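This structure is a prediction, so every number in the text was calculated from the model and none was measured. Protein chains get the first letters and strands the later ones, always in sequence-line order, with residue 1 at the start of each.
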Amino acid sequence: MNWSGLFSQLLEIVVALLLAPLLTGWVNQCRAWLQNKSAPSLLLPYRMLRKLFHKESVVAEHASQLFRVAPYIVFGCMVMASAIIPTLSTDLPLSPAADAIALVGLFAFARVFISLAAMDIGTAFGSLGARREMLIGFLAEPALLMVLFSASLITQSTSLTSIVGTLAHREFAIYPSLAFAGIAFTMVSLAENARVPVDNPATHLELTMIHEALILEYSGRHLALMEWAASLKMFAYSCIGLTLFFPWGLAEVGSPGEMVVALPVLVLKLTIGGALLALIETASAKMRIFRVPEFLATAFMLAVIGMLVHFLLGA
Amino acid sequence: MHAYLIQSVNLFAAVLLLLSFAMLSQRRILTLIHLFTLQGATLVAATVVVAYLTDQHHLYYSAAITLVTKVIVIPTLLHRLIDKLNVKWDVETLINIPTTMLIGILLVVFAFNLALPIAKLSSSIVHSTLGIALACVLLSFMMMITRAKAVPQVIGFLSMENGLFFAATAATYGMPMVVEFGIAFDVLVGMFILGVFMFQIREQFDSLDISHLEKLKED
Amino acid sequence: MLHLDWLLLLCGAWLVVGALGILALRRFRFVSHVLFPLGGLICLGVFLVALSAIFESPETAILPLGLPGLPFHLRLDALSALFIAVIGSVGAGVSIFAAGYFRKGEGTPPGLLCLQYHIFLASMVLVVLADDAYAFMVMWETMALSSFFLVTSNHRIAAIRKAGYLYLLVAHIGAIAILLCFGVLQANTGDYTFDNMRAQNLSPFWASAAFLLAVFGFGAKAGILPLHVWLPEAHPAAPSPVSALMSGVMLKTAIYGLLRVSFDLLQMQLWWWGLILLALGLVTALFGVMFSAVQTDMKRLLAYSSIENIGLLLVGMGLGVLFKAYRMDALAALALTACLYHVASHAFFKSLLFLGTGSVLHATGERNLGRLGGLMRYMPWVAWVTLIGVLASAGLPPFGGFVSEWLLLQSFLFTPGLPDPFLNMLIPVVAAAVALVAALAGFAMVKFYGVIFLGQPRETKLAQAHDAGWLERIGLLWLVAGCLVLGLFPVQVIEPIGRVTLLLIGQNLADTVRVNGWFLLAPMSVDRASYAPLVFLVVGAASFYLAVILVRLLYRGKLRRAVPWDCGYPAGNARMQDTAEGFGQPIRRMFDPFFRMDIKHPTPFDEKPTYSVSVEDHFWHWIYLPIARATEAVAKLVGRLQQGRISVYLMYSFVTLIAMLVVVRL
Amino acid sequence: MENLLLVLAIPLLGGCVLALCGHRDYASDVNVGVSLGTLIAAGLLTARVIDGGPLLVLDDQFFVDPLNVFLIALTAFVGFTTAVFSRPYMRLERDRGKMTPGRMRLYHSMYQMFNFTMLVALSTNNMGILWVSMEAATLTTVLLVSVYRTAASLEAAWKYFILCGVGIAQALFGTILLYLAADKVIGSGGGALLWTHLDAVKGQLEPNVMALAFVFLLLGYGTKVGLVPVHNWLPDAHAEGPTPISAVLSGLLLNVALYAVLRCKVLTDGALASHLAGNLMIGFGLLSVVAAAFFLSRQKDVKRMFAYSSIEHMGLMTFAFGLGGPIANFAGLLHMTVHSLIKSAIFFAVGHATQSAGTQLMDKIRGLIKVNPMVGWGLLLGTLAILGMPPFGVFASEFLILTTAMRDLPWATPFLLLALGVAFASIFSRVQEMVFGDTDLKPLEHPPALLPVFAHLGLGLMLGLYIPPYLVDWYQQAAKMIGG
């Protein structure tokens, strides 16, 4: 482990923590614009977090330890995830500790805890949300894994840094398998981050909500952590997508100078990505909950077809 | 003289077969017992002739045993039995008589055919009798199958023993004495037991019809 | 003294403990507080001996028992030592737990239970040690028999009797197939030692026959589809420590047998065997996890989850066979390592979960998920410990289950090297399905945990639930420790597993792994794939604590307790929570054709509306009932032979005579 | 010679004594004592034969070799344990009014006479005497089967008598043919029915006659063995007679009949040089195993069910002996031994169970393990043993039979396995329900005789795990005698 590595690792985490709410704010702003609404401030998520952290936490009287621990765990998981994903640099000391599969495992870990915490209070909405979250999870997770596998097969590695490094250094080539994977990944990300058409982060309409149902009983600092973790998750997914499908502009080993370039590139990519996300969200309608499995199954199928295409065409 | 005697053994064999057929077709129990006694007597005569012909002394003893058991004791027992149990009436057979006879004829042909290679090998003076003995056995077997009452079934059984005995005498000049005694003893004891049994059966079922004895079965 | 002698001695000690149990038939305290811990101690000894034996060269022994000309041959090599280590280590935890678990007045007298339990343990060890067909069969069936008695220890309940019957029947039929398999393997030499079988070079046809018979026979024990029907009946029926042993350990002996036959006794592997195993494994895993997600009985849920895990094991083994058939030994070793790793981790987490349900069952008397809930408040010990098991079972990092799934997926990723393009196409699909299974397992486990321990108690009596006793806690903690060790120290765990793959395939994965340091698991090279659970844990824990400390330091906000908000609905009570049925509803809906469901909806006019749903297994109706009906029909036909009429009987005799005479005459 | 005479004389005299005093209270003790005496004498005889080799006595009429001495020992042993079992059992039957003093007398004396006839059949060298004693064994057991004088028992005994009588008559015809064949070679003076003599010249016997003779002998003695389709008497007789008699019928008489078949097979094999005898036995064996398995699945009466199980096992033995060869013969002999032990143990347990339930219907017998735990365990373990569960000896022999069959006759194995599977399913489902579960039955008034049950089970268990070397040696010699 070298100092530049440690530096880029810490920088990544800090950047993720700071940029994540901004991304959320940006997407919300774009969405408002696209829907002809007056947009909230870009910094609204930060203010929200600040407000929540300062408020007192109200916890249901029979909530167990698990309920109170869960936000920290989920938050910790998301921090971990953003530390593993090569957003700025491929010179990450932590990256050998966890590869693509472990990353998926990490997301699953967070999901399990958030669902368990939702069930802990024993309300109708909490358990309903947990059920739906797990339903989405068990379909999205393998799809995500398959997406990552498509990339792994091309690069002969499941280590994220290796994947990105290899993809970035190849001559530009069109990988049909990655095209399929890209579509699948977009669909998975929508579902995983509670976006329309799967879920609507802006509603508390009890019959349709998923993510909101999960965190219904949280308040104060716990809610803040949960919201922040959600932003981090979206950030992490965006970064995965960006690094896999647009792997250029990342800093490499032994060249700290590149880090300076990498950050603006990332911001640029995220800006475009966020806008696209808002576009997709605006253009599509929220699905009935029972259409969601079909949606995700399609994503899963696409990811698998992507892999098959890889074998068929050798690319 | 010798040739006549040999022919007479063959004649007795034929008579035995005839008697077997007669028993197969007979409906009356009393006549059945008479026929059985007659069969026994024929057997005794045949045994004596064979004994004389071959100069096998122990055959005389076995003839004597047969005379005592099959001609005197068992028929007497049977008579007493049917007297006491009062079952003289006709027996109804399970297969009608003409069919039985037809099957019987086929059986005889089969038995002869079966015994043919053995008969050729046999050194016995009356080699061809084995086939007849076998036919008698099979016919008695048929009789046991077709009868619906206990007494005729037992007579069939005894008549089968007669066939066996004839086979032993004619084909092999009799079994060793120990065995003969043993067989005779068994048959006698068996008869006693059967007699006791029939009383018990009648006591239980008020009849000697073996159709009462069909309770134990798979359902 | 050789390791093998020690093991035999320890098995003998088990039997002595069991015999003492018989002497103290009803002295409950003595049995539970002396004998069971003693048995646990012996387990520990077995574990240690076996662990050290893995690194030694094979040892053999011949016991003066058995048939003339075929005395019991025993052999301790790396493969058997590994499985014995698993038996010993898991058995130790379960025995200690059992010491605190068994209560008075439940079915079989405690002393007898002690005997059966220890015979069960000893027979499992001896099965793995057996080195000839007869010894193997004797031990195999002793194992089945002793576990049958354990399963039916509470025989007053008709369902338990039925479960036991089904179990023993399937086990017996499986055993017959295994016997046939050995019959094929000995290749008409009449010598039933495994040594002789290794020396035979069977033709592909006979080798395949042996392999298929082994799959059937061992599959019946392992619960491979469609021979799984006994498993969800028997495991819930047994007392929890026994379910733990059966699910955690006994099923693995079937895996052992299959490995022994297909990699050791058979001298060749055909590629399509691998495909069969893959297909069977996949179907089994999918089926298991699907059914596990819709169960409403906690132990049944776990039993189906065992079926799922067995499926995953088979997938690993299938890949191993496939690679071995194509002479890609390094990859075969990887796949097999994944399989063996999962053997160990499943043994630990599944026994942990079963023991957890045991404690719950004891505290509440309920197995039905619909009447549990909120137990975390009353039995926090059990709840937290079970949480570890749940996480491991869901295949989440950094626990044992994840490592094996990780290794399995890795071996899939390396498959493209296969020379057959068709297989190359097929493999990703299988990998996708494996991923699906793993994810679904998470669903089932969340349901399991959430419904039992979280939420509000669905019955008032649950408030009286007590936490586990100290002996039970020790047992649980031991298993938790196992899950953690397996999760956090994969490099060290692969060390002994490598000896096994060296024996079976000739490749030792540990050599490659060792190079990268003691905490980094990289089966091929660090560039290709790596995983360091310890780092993972440390960083995760660090970020967790950092968050905690920061929040504490910066915002010393108050915490207020209040009634749950629940979107403002006022009348929230325990009955408004999601039930187990409700939680499984999406799965039922999505995989509708796989279930045989009977749903009763209430009508709007019902006075007392009730809703019920029962989910059954298609296989029962597709395979087992038709077989039963066919047997009955044949039996009825055969029964006609015996009509009770003496004339008819005489006729049989007569006809037989004539027929035989005709035959002879011809 | 004295030993052999003792073995035969003790039960004969005992039978005569018991015919006089069999109705007294002490008669059952006398019965046990006589059986013990027989057992001791048989033990001495066995020791003698092991030490000094085969024994030819009484003008060559009696012959003891490794093959039959082991059966003699077994017969004496099971005869003794059954006598022990019948003590409390029959006492209870008497207390319940099913047995009158007269019937007790008949029972006791016939029990000893039955043992006597079996021992004669086993030890005789003369094929004729063999036949005579087999017939005598039938006669004594007919009386024993009908001892309750109920309608069902009379019917059973009648069928038993007629069917076995006819069967045994065929055996007599076979014996005559055998004599015919031997007569020419040995001459009528030289004891043409003595097995040892026949064995010496078996190669010269006329094959045609011998083939024919074997058909009659197989069918004749096979009727007593209980081979399908001439087995029909067997379930009735087992179900309706007193349980001790069911135990000895299954455990001993069937063995003796099979022994007779074996002796004939040796001669036939020698004469024919073909595998005809073996093939016939394989066919009958297989048919019996399969048919019995299916019969089993519809039973309601517990004794009847185990009677069918006996048919299955006799079929298996017949099959094994039909296969021939050292291993199969060894396995067959081993199976004979363990089957006798285990099946009689089962009948002992069943006897106590039916007495405590007051019925033989399995639906009515429940929860034995609660009322009479040891009876319950005895029945359950015995059943598992007879179903071929290791580590009991039945598995050892089935293992050998199946593996040999797999080698020599692969097409037959699926049938055997099917039958074993069906039998397992049928028997175990019922016995489990009888043993386990709740019950309102009452315990027995007299303490049950459990020693015989567990002694048999223990021996059966031992034979599965460890066969003592001298026993192995003995079996191997015997196997060699029957053409191994």
Side-chain angles (χ1 to χ4, degrees), chain A residues 53-62 64 66 72-73 75-76 79-80 94 96-99 101-102 105-106 108-109 112 115-116 119-125 127-128 130-131 134-135 137-138 141-142 145-146 149 152-153 156-159 162 206 216-217 220-221 225 293 304 307-308 311, chain C residues 373-374 376-377 391 394 396-397 402 406 409-410 413 416 424-425 428-429 431-432 435-436 439-440 442-443 446 449-450 454-456 520 526-532 535-536 539-540 543-544 547-548 551 555 557-567 572 574 576-578 583 586 589-590:
Chain A
F53 270 122
H54 279 100
K55 285 187 111 173
E56 70 169 355
S57 276
V58 182
V59 174
E61 52 203 358
H62 52 260
S64 70
L66 188 95
Y72 298 96
I73 291 179
F75 183 73
V79 171
M80 251 308 260
L94 269 184
D99 63 349
I101 304 174
L106 199 59
F109 195 86
V112 164
S115 306
L116 288 177
M119 291 180 85
D120 188 47
I121 304 298
T123 58
F125 289 117
S127 41
L128 182 114
R131 181 215 298 180
M134 292 312 292
L135 169 70
F138 88 74
E141 211 176 286
L145 210 53
M146 286 305 112
F149 269 22
S152 312
L153 284 171
Q156 289 289 307
S157 168
T158 59
S159 161
S162 301
E206 55 261 15
L216 208 57
E217 296 298 326
R221 53 177 186 270
L225 283 172
V304 174
M307 278 179 82
L308 287 176
F311 284 108
Chain C
M376 192 159 207
R377 265 167 268 164
L391 294 177
L396 297 177
F402 178 74
W406 189 82
L409 288 174
Q410 289 296 346
L413 280 177
N424 275 335
M425 300 275 289
V429 181
L436 182 68
L440 258 170
F443 184 95
V446 165
Y449 192 79
L454 303 178
Q456 300 177 39
L520 188 66
V526 183
D527 280 347
R528 299 193 69 169
S530 61
Y531 170 57
V535 178
F536 201 87
V539 174
S543 32
F544 170 77
V548 173
V551 169
Y555 316 98
K558 275 189 291 181
L559 192 79
R560 185 160 60 86
R561 293 277 182 177
V563 284
W565 177 49
D566 199 20
C567 257
M576 291 183 72
Q577 304 173 85
D578 224 353
F583 210 93
R589 215 180 144 119
M590 277 183 68

Item checked: Winner by heavy-atom pair count (cut-off under 4.5 Å) against chain A, out of Ala432(C), Ser543(C), Gly540(C) -> Ala432(C)
Notebook entry, point to check: Should Val551(C) and Tyr72(A) be marked as a side chain to side chain contact (heavy atoms under 4.5 Å, CB included) after you check the CA-CA gap, both sets of side-chain angles, and the distance that decides it?
Noted result: CA-CA 10 Å; Val551(C) 169; Tyr72(A) 298 96; 3.6 Å; yes
Checklist line | Structural part of Leu66(A) lying under 4.5 Å from a heavy atom of chain C | finding: both
Check: What part of Leu391(C) gets closer than 4.5 Å to chain A, counting heavy atoms only: side chain, backbone, both or neither?
Finding: side chain
Note to self: Counting heavy-atom pairs closer than 4.5 Å to chain C, which one of Ser115(A), Gly105(A), Gly137(A) comes out on top?
What the structure shows: Gly105(A)
Notebook entry, point to check: In terms of heavy-atom pairs under 4.5 Å with chain A, which of Gly374(C), Ala435(C), Ala562(C) leads?
Noted result: Ala562(C)
Next item on the list: Taking all heavy atoms of Pro397(C) and all of Ala102(A), pick out the closest pair and write down the distance.
Entry: CG-O, 4.2 Å
Check: Backbone N or O of Val59(A) within a donor-acceptor pair of the Arg561(C) side chain at under 3.5 Å?
Finding: no
Check: When you look at Asp578(C) and Met119(A), which way does the side chain to side chain contact (heavy atoms under 4.5 Å, CB included) test go after all the steps?
Finding: CA-CA 9 Å; Asp578(C) 224 353; Met119(A) 291 180 85; 5.6 Å; no
Check: Where on Phe75(A) is there a heavy atom nearer than 4.5 Å to chain C: the side chain, the backbone, both, or neither?
Finding: side chain
Item checked: Non-hydrogen side-chain atoms of Tyr531(C) and Ile101(A) separated by less than 4.5 Å -> no
Notebook entry, point to check: Which of the residues Val304(A), Leu225(A), Leu106(A) is involved in the greatest number of heavy-atom pairs with chain C at under 4.5 angstrom?
Noted result: Leu106(A)
Margin query: Are Met576(C) and Thr123(A) packed together at the side-chain level, in the sense that at least one heavy-atom pair is separated by less than 4.5 angstrom?
Written below: no
Next item on the list: Could you tell me whether the side chain of Glu56(A) and the main chain of Lys558(C) form a donor-acceptor pair under 3.5 Å?
Entry: no
Note to self: Within this structure, what is the CD-CG distance for the pair Gln456(C) and Asp120(A), rounded to the nearest 0.5 Å?
What the structure shows: 10.0 Å
Margin query: Quick check for you: to the nearest 0.5 Å, what is the distance between Ser57(A) atom OG and Arg560(C) atom CZ?
Written below: 10.0 Å
Check: So, for Arg131(A) and Phe583(C), which heavy atoms are closest and what is the spacing to 0.1 Å?
Finding: CG-O, 3.6 Å
Checklist line | Any side-chain heavy-atom pair of Leu409(C) and Thr158(A) under 4.5 Å | finding: no
Notebook entry, point to check: Is Arg221(A) close to Leu559(C) at the side-chain level, that is, under 4.5 Å between some pair of heavy atoms?
Noted result: yes
Margin query: Less than 4.5 Å to any heavy atom of chain A: does that hold for the side chain of Phe402(C), its backbone, both, or neither?
Written below: side chain
Margin query: Counting only non-hydrogen atoms closer than 4.5 Å, does Ala394(C) touch chain A with its backbone (N, CA, C, O), its side chain (CB onward), both, or neither?
Written below: neither
Check: What residue, out of Glu141(A), Met307(A), Glu217(A), has the most heavy-atom pairs lying under 4.5 Å from chain C?
Finding: Glu217(A)
Notebook entry, point to check: Among Ala431(C), Gly450(C), Ser530(C), Pro586(C), who wins on heavy-atom pairs under 4.5 Å with chain A?
Noted result: Ser530(C)
Checklist line | Among the listed options Val112(A), Leu145(A), Leu116(A), the residue most often paired with chain C at heavy-atom distances under 4.5 Å | finding: Leu116(A)
Item checked: Leading residue by heavy atom contact count with chain C [cutoff under 4.5 Å; candidates Asp99(A), Leu135(A), Val79(A), Ile73(A)] -> Asp99(A)
Check: Between Ala547(C), Pro564(C), Ala529(C), Gly442(C), which residue shows the highest count of heavy-atom pairs closer than 4.5 Å to chain A?
Finding: Pro564(C)
Next item on the list: For Arg377(C) and His62(A), indicate whether the former's side chain and the latter's backbone hold a donor-acceptor pair under 3.5 Å.
Entry: yes
